[in-house]
Amino acid sequence: MADNSENIAKDKIRNIGIIAHIDAGKTTTTERILYYTGRTYKIGNIDEGTTVMDWMEQERARGITICSAATTCEWKGYRFNLIDTPGHVDFTVEVERSLRVLDGGVVVFDGVAGVEAQSETVWRQADRYGVPRICFVNKLDRTGADFFRCVGMIETRLKAKPVVIQFPLGKETNFVGMLDLVEGKSIVYGVKPEDPPTVSEISSDQQANFIEHRQKMIERLAEADDHIMNAYLEGTEVSTLEIKAALRRVAISGKAIPVLCGSSLKNKGVQPLLDAVIDYLPSPLDKPVTEGTDIKTGNKVTCPPTDDAPLAALAFKIVSDPFVGRLVYLRVYSGTITAGTTVLNATRGDKERVGRLLLMHANHHEEIQSANAGSIVATMGSKNTFTGDTLCDPAHQLFLENISFPTPVISVAVEPKTRADRDKMIDGLTKLAEEDPTFKVAFNDETGQTVIAGMGELHLDVLVSRLLSEFRVGANVGAPKVAYKETITAKCKVEGRFVRQSGGRGQYGHVWVEFEPNTGKGFEYIDKVRGGTLPREFIKAAGEGIKDSLENGGLAGYPVIDVKATVVDGSFHDVDSNDMAFKMAGSLALKNALHKCNAVILEPIMKVDLVTPEQYMGEIIGDLNSRRGRVESIDTTGDTTTIHGIVPLSKTFGYTTDLRSMTQGRATFSLEFFQYQQVPASLAEELKAELAGKS
């Protein structure tokens with residue numbers, strides 16, 4: 001057992017994530033990092049299914065990353081806690097929770113495609129969590145690769161300020177290395193991955209390129225950094241150390257983004273990328289001190305990244321490992337966590353005993369005795385800790401900010417084939433839902449079916465495949481269904497009155513409630529009862545009745561969202577009134593409001609990005625229009641066209657097959673949830689009729 005208590009110095013820790021659009025080369029880049037840091041001795045290959053980080057059977061079969069995988073490696077005396085995240089939008093939850101706990105990110109771009117749809121999504125997520133990042137333009141050895149076009153897209157589409165710190169040597173198949181604009185060196189790579197790069201002085205034929213682009217780099221830096229600006233205006237020569245210090249300042253502050261280049265598959269540019277992580281991305285000490293909320297006082301408290309401070313750690317991922325059991329991944333923000341000790345789960349209010357502590361390497365691990373501030377580790381034996389929970393010192397109770405997740409937009413029904421399969425299915429679905437907060441499981445009392453909901457067709461397909469293979473469940477799976485919602489569009493005041501008298505003690509609950517739209521803010525319940533007309537416990541019960549009815553469905557049986565309910569008046573009976581009667585009164589008030597406040601049905605609308613040869617553009621746009629879609633913009637590069645639009649989720653089922661047949665398999669597309677919008681009147685009537693037919 002390794003003792004991690006003599007942890008590496010905090011300024012030599014880098015908690016980083018590799019993030020990008022699908023197929024930009026995240027996992028390939030990570031595999032090269034593991035090889036060059038000595039963590040592995042053979043380079044993993046996605047096509048051969050031999051990657052370390054994509055270790056799940058589903059990942060190797062599909063050639064994509066599904067779960068974020070964590071590993072620990074070292075480079076030049078620095079420890080990297082590294083997370084490789086998925087690129088497919090259906091698994092965006094993995095990026096979300098990874099960015100919540102990371103200090104920095106490496107954003108990988110495809111040198112041919114440039115900034116793609118999911119590139120924008122992960123960039124926005126990184127912005128939301130204030131994650132400093134550097135960019136790596138990958139695949140520069142491929143035909144059509146254009147480094148500076150990609151840099152331009154980073155500026156225009158991501159509204160970022162890229163600072164180019166490497167200039168590529170050669171184009172496409174002739175790409176051999178790069179000019180280091182900071183150090184003033186030429187880096188040329190051999191054919192074999194084990195061949196060390198040749199680092200030399202810049203040749204005379206490249207001097208002009210070097211001088212031009214180094215000057216541009218300094219000018220860009222001057223726009224973002226006052227120290228370089230002063231030197232630039234005074235005409236003073238800027239040293240390499242000053243440039244590095246400035247790049248670090250602007251990267252950590254987010255004012256500018258250093259951009260590097262390479263080809264991970266051909267083993268070019270990975271070592272300089274590792275150096276850039278050390279030079280320009282923050283250690284735990286460089287980040288603003290994490291704040292929590294004191295449970296007892298509600299005041300803000302700081303969680304300094306020191307080992308002797310009270311413990312504050314966030315559980316950001318749950319994994320049901322078939323070999324070692326339930327693993328809880330933790331980011332330790334403050335203090336020290338030690339195996340065998342007892343900590344408080346502040347979110348649940350329960351004490352948890354810390355079992356074994358593990359340093360993870362994808363699905364392998366190394367046992368350690370303790371983990372200090374700044375560490376990312378996993379623990380075994382924590383049965384009641386879930387994603388987003390805070391673990392803290394029982395003597396210093398606090399909450400850390402939770403992680404927010406998007407709501408599912410698609411569902412399917414699953415039915416066990418036998419009674420024995422039913423128990424296994426419930427166990428399997430429970431474990432999968434613990435792992436993935438965007439995966440929801442519900443039991444439909446009317447149909448007797450178990451309904452599972454997720455972020456897209458691929459998401460549910462992967463989860464069902466895991467249910468059948470990992471948990472060995474025999475089950476029948478229905479066709480996917482859209483997660484429609486309802487809301488109100490007008491303000492109204494309604495009465496909720498529940499009276500039952502059947503001899504003896506009766507039931508009496510009565511409230512007046514004002515309902516109004518609350519777009520994008522979920523459900524809000526406000527008490528404006530004056531003069532003590534209603535006891536507080538009855539007001540609270542009415543609110544619970546309204547909230548429960550929102551979940552159970554509105555006019556067409558779909559959950560109701562974005563509603564503000566303000567209770568303004570009511571009456572009660574000294575003997576017959578109780579909490580249950582007022583819950584029923586609240587529920588009746590909502591039903592009345594749905595009829596009076598112009599309730600409408602909403603459907604999920606998806607952003608779609610289609611990449612196609614120009615010759616198929618007309619047919620694709622026509623097909624998109626026939627699906628109630630709308631084209632927002634069109635970009636053309638060479639003979640390749642990218643169509644950006646929106647389309648209802650209900651019209652995207654089976655689209656992969658249709659698009660392939662339209663374009664002879666040459667077009668690709670990606671979907672991302674955009675927003676909920678009102679369905680057309682004709683579809684609303686169909687959905688209401690469907691509900692009437694079931695009842």
Side-chain angles (χ1 to χ4, degrees), residues 128 404-411 438 440 453 455 481-498 509-530 534 539-570 582-607 628 630 632 646-650 672-691:
R128 188 159 63 248
S404 58
F405 298 110
T407 55
V409 295
I410 184 172
S411 63
T438 59
K440 302 294 182 189
M455 300 306 297
K481 290 189 175 178
V482 175
Y484 292 103
K485 309 278 187 192
E486 295 183 38
T487 194
I488 57 174
T489 57
K491 186 174 180 177
C492 63
K493 182 177 178 181
V494 296
E495 182 181 28
R497 185 181 181 88
F498 180 72
H510 174 226
V511 287
W512 280 96
V513 186
E514 289 179 352
F515 287 90
E516 59 188 297
N518 199 30
T519 308
K521 296 179 182 174
F523 173 62
E524 277 187 71
Y525 183 58
I526 297 170
D527 170 15
K528 280 196 178 175
V529 175
R530 297 291 175 261
L534 289 175
I539 294 172
K540 183 181 177 185
E544 289 172 359
I546 295 171
K547 190 174 181 181
D548 290 347
S549 294
L550 291 174
E551 294 298 321
N552 295 334
L555 295 177
Y558 301 111
V560 181
I561 61 170
D562 295 344
V563 169
K564 182 190 283 188
T566 306
V567 60
V568 293
D569 202 1
F582 272 87
K583 280 184 82 169
M584 292 300 297
S587 178
L588 290 169
L590 177 70
K591 284 184 170 58
N592 294 335
L594 290 171
H595 289 280
K596 196 173 177 182
C597 298
N598 297 337
V600 295
I601 300 173
L602 306 172
E603 64 179 338
I605 303 295
M606 312 299 284
K607 276 171 67 176
R628 293 196 284 118
R630 186 175 78 234
E632 303 278 271
I646 57 174
V647 64
L649 174 66
S650 60
E672 176 190 351
F673 174 70
F674 176 48
Q675 65 183 32
Y676 271 92
Q677 286 183 3
Q678 185 176 341
V679 301
S682 57
L683 178 57
E685 292 307 315
E686 280 179 35
L687 294 170
K688 288 177 185 175
E690 191 179 306
L691 177 71

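This structure is a prediction, so every number in the text was calculated from the model and none was measured.
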- Item | Listed partners of Tyr525 passing ring pair (Phe, Tyr, Trp, His ring centres under 6.0 Å), at least two apart | none
Do [X] and [Y] have side chains that approach each other closer than 4.5 Å (heavy atoms only, starting at C-beta)?
{"X": "Ile488", "Y": "Leu594", "answer": "yes"}
{"X": "Val567", "Y": "Phe582", "answer": "no"}
{"X": "Glu603", "Y": "Pro680", "answer": "yes"}
{"X": "Phe673", "Y": "Leu649", "answer": "no"}
{"X": "Thr487", "Y": "Tyr676", "answer": "no"}

- Message: Going by the rule side chain to side chain contact (heavy atoms under 4.5 Å, CB included), which residues pair with Ala684 if we only count those two or more places apart in sequence or in a different chain?
- Response: Ile601, Val679
Nearest-0.5 Å distance that lies between atom [atom1] in [X] and atom [atom2] in [Y]:
{"X": "Glu544", "Y": "Ile539", "atom1": "CD", "atom2": "CD1", "result": "12.5 Å"}
{"X": "Ser650", "Y": "Ile605", "atom1": "OG", "atom2": "CD1", "result": "7.5 Å"}
{"X": "Lys493", "Y": "Lys596", "atom1": "NZ", "atom2": "NZ", "result": "9.0 Å"}
{"X": "Lys491", "Y": "Asn598", "atom1": "NZ", "atom2": "CG", "result": "14.5 Å"}
{"X": "Met606", "Y": "Gln675", "atom1": "CE", "atom2": "CD", "result": "12.0 Å"}
{"X": "Thr566", "Y": "Glu514", "atom1": "OG1", "atom2": "CD", "result": "6.0 Å"}

Nearest heavy-atom pair of [X] and [Y]: which atoms, and what distance?
{"X": "Tyr558", "Y": "Tyr484", "value": "CB-O, 3.5 Å"}
{"X": "His510", "Y": "Ala585", "value": "N-CB, 4.1 Å"}
{"X": "Lys521", "Y": "Asp562", "value": "N-OD1, 3.6 Å"}
{"X": "Asn518", "Y": "Lys564", "value": "CB-N, 3.6 Å"}
{"X": "Glu486", "Y": "Gly557", "value": "OE2-N, 3.4 Å"}
{"X": "Gly586", "Y": "Ile546", "value": "O-CG1, 3.3 Å"}

- Item | Side-chain donor or acceptor of Asn592 paired with backbone N/O of Gly496 under 3.5 Å | no
- Query: Distance-only, no hydrogens or angles: does the Ser549 side chain make a donor-acceptor pair with backbone N or O of Gly545 under 3.5 Å?
  - Reply: yes
- Message: Apply side chain to side chain contact (heavy atoms under 4.5 Å, CB included) to residues Phe515 and Leu590 and explain how you reach the verdict.
- Response: CA-CA 8 Å; Phe515 287 90; Leu590 177 70; 3.9 Å; yes
- Message: Among residues at least two apart in sequence or on other chains, which ones pass salt bridge (Lys or Arg N to Asp or Glu O under 4.0 Å) with Glu685?
- Response: none
